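A short worksheet on the structure shown next.
Atoms within a ligand are numbered from 1 in the order they appear, just like the ligands themselves. Everything numeric in this text was worked out from a predicted model, so none of it was measured.
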Amino acid sequence: MKHKTNPVFPEGFLWGASSAAWQVEGATLEGGRSQAIIDLNSQTKKPYADNSIAADHYHHYKEDVALMKECGFTSYRFSFSWSRIIPQADRKVNEEGLAFYDNLINELLKNGITPIVTLYHYDMPCWVDEKYGGWHDRKIIDEFDYYCRVCFKHFGDRVKYWLSINEQNMQICYGHWLGVSKGCKDWFKEKWDINHIMNLCHAKAVIACHELVKDGKIGPVPGYVPIYPLTGKPEDQIAAMNAEELTQKVWDDLYVNREYSTFIKNYWKENDIHPDIKEGDMDLIKEAKIDFIAVNCYRSDVAKAPDPSFTQEIGLNKSGIKGDFTYPNLPGEYAMARNPYVEVTDWDWHIDPVSMRYALRYLWDHYHLPMVITEFGYGAHEDLDENGKIHDDYRIDYLREYIYNIGLAIEDGVEVFGINPWSFTDLLSTGNGMAKRYGLVFVNTTDDDVRDLKRYKKDSFDWYSKLIKSNGQEWGKDMKVWRDFENKSKEE
Ligand code: BGP
């Protein structure tokens with residue numbers, strides 16, 4: 001649809017940024033917190049960088065919130081660390097852990113910033129892993145329910161927006177990378193058991209939130225990567241649909257329709273997969289009616305018909321050197337490829353602002369639920385220049401064009417109530433530590449040298465601040481985005 005004017009963002013639109021506990025807090029063994037599996041990963045090997053300090057938000061939270069206020073934020077999306085709140089298997093609640101989040105939440109509210117809290121963002125407590133083998137044992141469902149209930153009861157008077165599990169789909173699709181496959185003999189099959197247990201944990205969180213938080217709203221956080229067919233070949237379209245199903249739609253359908261789709265049931269049958277779905281499980285899932293979808297969307301992918309003669313698993317770019325990415329080829333399912341029409345980051349992520357409009361339209365058409373954007377952002381190699389500045393024009397371009405496309409989606413009729421780009425301060429990247437920075441605020445630390453952890457506003461901070469304070473009217477220099485097909489063809 002063509003829109004003659006710049007988009008108008010609704011009154012009360014939430015403008016903020018995003019983070020996750022293990023990537024930003026540091027202080028992993030302070031304040032009564034016990035270790036999480038992801039801490040151990042980060043300490044032993046790169047590309048995980050040591051998260052015991054990270055951006056040291058634990059000690060800088062007041063300064064960080066003051067900067068958010070200065071930027072004009074009206075929301076902040078962050079996560080609780082399960083092992084900070086319940087550090088041991090005895091289920092004793094850690095008062096110091098609650099106090100840290102109380103202080104953070106109170107500081108946000110005092111500054112007019114709405115907290116949006118993720119309950120689980122990749123940081124499985126070691127005690128849960130030791131006792132139950134992570135997500136393998138159904139007993140984790142009760143532990144997770146207990147943890148969520150502690151959070152809802154304690155913080156529910158002040159936190160009204162809750163997110164269940166961050167990127168469950170990515171945890172299953174990239175199980176080896178994110179450590180979820182640990183202990184599995186046959187990941188191809190067992191991942192569907194683990195996924196089912198995660199679905200039940202998600203359902204428990206949704207039900208408990210509605211029971212315990214007055215006016216509380218809760219949603220899942222799918223990692224959404226729009227997938228286009230590489231060409232107009234019909235086979236490429238089916239491949240794109242297969243990729244869509246097997247990397248995200250299966251999850252989104254479950255959250256919204258609260259039943260497994262016929263696609264995944266047939267896929268299981270075809271592959272002799274029998275997830276352990278017990279009596280009563282689907283009733284629980286049916287009860288878990290979500291209020292919104294929180295969308296993480298950084299990039300797009302393209303799919304093509306796979307070559308039946310070989311199998312190639314996806315190989316993520318871990319070096320930050322362009323081209324160091326292996327596209328998967330999965331016979332019977334799909335293959336993926338480089339999209340020749342868009343640029344890529346140093347980590348080979350397609351930079352595709354229009355895909356954000358596509359994603360929002362797609363999700364709205366399929367699910368008719370309000371959405372909040374909880375992650376999108378530009379990862380880059382960065383350091384201070386001789387004047388102590390970061391001139392991150394590439395990030396401004398990325399944010400401007402992505403946000404503009406969110407505006408276009410709103411004009412197209414999609415309901416979006418806020419955006420929270422990744423990330424506010426620099427923090428540890430999941431794949432590349434501090435070597436891949438996303439922040440609007442530079443944190444003076446590297447993977448090899450802790451430095452002084454001082455905060456420096458990047459140029460993108462000032463740009464975003466102006467946009468927020470004008471409720472999405474001041475876009476800065478001329479936009480590269482195209483508003484309609486007419487402008488696009490004029491450009492070419
Ligand atoms: C999302 C995760 C975040 C974050 C982001 C960027 O999938 O929810 O935790 O890390 O991706 O990814 P990376 O840090 O690997 O660049």
Side-chain angles (χ1 to χ4, degrees), residues 17-25 36-39 41-42 45-51 54-55 57 76-82 116-124 163-180 198 219-226 247-248 251 293-301 314-322 324-325 344-351 356 359 372-382 394-395 398-399 402 420-440 443 447:
S18 202
S19 76
W22 75 272
Q23 290 168 281
V24 76
E25 284 178 9
I37 293 293
I38 204 132
D39 306 350
N41 284 341
S42 83
K45 55 174 181 162
K46 288 205 168 187
Y48 293 100
D50 185 350
N51 73 327
H57 176 65
Y76 176 47
R77 181 265 184 155
F78 60 101
S79 76
F80 287 165
S81 151
W82 185 353
I116 302 174
V117 174
T118 318
L119 289 155
Y120 183 84
H121 197 124
Y122 302 164
D123 47 358
M124 169 80 59
L163 315 175
S164 55
I165 296 176
N166 186 68
E167 296 193 359
Q168 184 185 329
N169 58 325
M170 295 300 179
Q171 293 185 64
I172 299 299
C173 293
Y174 301 118
H176 300 309
W177 176 239
L178 292 168
V180 187
M198 286 175 134
V221 198
Y224 191 79
V225 183
T247 59
Q248 49 218 2
W251 287 265
I293 303 175
V295 183
N296 293 353
C297 176
Y298 291 79
R299 60 194 170 92
S300 59
D301 273 330
I314 192 167
L316 298 176
N317 177 332
K318 301 171 192 169
S319 64
I321 300 165
K322 267 184 201 170
D324 200 5
F325 187 94
V344 291
T345 68
D346 287 343
W347 282 263
D348 291 307
W349 290 21
H350 290 124
I351 304 168
M356 180 60 102
V372 59
I373 318 296
T374 38
E375 285 185 36
F376 64 108
Y378 191 97
H381 299 282
E382 287 170 333
Y394 40 89
R395 183 170 293 107
Y398 174 101
L399 291 174
Y402 267 71
N420 299 275
W422 186 268
S423 52
F424 182 55
T425 61
D426 286 339
L427 39 66
L428 293 181
S429 138
T430 300
N432 289 85
M434 279 289 170
K436 188 182 188 187
R437 294 174 187 263
Y438 283 91
L440 301 165
V443 177
D447 291 336

What residue and atom, counting heavy atoms only, is the protein's closest point to atom 15 (O) of ligand 1, and at what distance? G431 N, 3.2 Å

For D301, the salt bridge (Lys or Arg N to Asp or Glu O under 4.0 Å) test, sequence neighbours excluded, returns R299

Contacts of type salt bridge (Lys or Arg N to Asp or Glu O under 4.0 Å), residue E375, not counting sequence neighbours: R77

Residue portion contacting ligand 1 (non-hydrogen atoms closer than 4.0 Å) for M170: neither

N/O separation below 3.5 Å, A20 to ligand 1: no

Has D426 got a side-chain atom pairing as donor or acceptor with G439's backbone, closer than 3.5 angstrom? yes

When distances are taken from atom 1 (C) of ligand 1, the protein heavy atom at minimum range is E375 OE1, 3.0 Å

Looking only at protein heavy atoms, which one is nearest to atom 7 (O) of ligand 1, and what is the separation? E167 OE1, 2.6 Å

Within the structure, is a non-hydrogen atom of W347 found at a distance of less than 4.0 Å from ligand 1? no

Could you tell me which non-hydrogen atom of D123 sits nearest to which non-hydrogen atom of S81, and how far apart they are? OD2-CA, 3.7 Å

With a heavy-atom distance limit of 4.0 Å, tell me whether W349 approaches ligand 1 through its side chain, its backbone, both, or neither. side chain

Out of the candidates F376, W349, Y224, only one should pair with Y298 under the ring pair (Phe, Tyr, Trp, His ring centres under 6.0 Å) rule; please name it. W349

Could you check atom 13 (P) of ligand 1 against the protein and tell me its nearest heavy-atom contact, residue, atom and distance included? S429 OG, 3.5 Å

Can a donor-acceptor pair be found, under 3.5 Å and without considering hydrogens, that links the side chain of N420 to the backbone of S18? no

Element-labelled atoms of ligand 1 that are located less than 4.0 Å from some non-hydrogen atom of W422: 3 (C), 4 (C), 9 (O), 10 (O)

Per-atom contacts of ligand 1 with H121, taking only distances under 4.0 Å to non-hydrogen atoms: 2 (C), 3 (C), 8 (O), 9 (O)

Among all protein heavy atoms, pick out the one at the shortest distance from atom 16 (O) of ligand 1; state its residue, atom name and that distance to 0.1 Å. Y438 OH, 2.5 Å

Distance to 0.1 Å, residue and atom name: give those for the protein heavy atom nearest to atom 10 (O) of ligand 1. T430 OG1, 2.6 Å

At under 4.0 Å between heavy atoms, what of N166 touches ligand 1? The answer is side chain

Looking only at heavy atoms, which two atoms of N432 and S319 are closest? And how far apart? ND2-N, 4.3 Å

Is the closest side-chain donor-acceptor distance between Y122 and Q23 under 3.5 Å? no

Identity and separation of the nearest protein heavy atom to atom 5 (C) of ligand 1: Y298 OH, 3.1 Å

What pair of heavy atoms forms the shortest contact from S19 to V24, and how long is it? OG-CG1, 3.9 Å

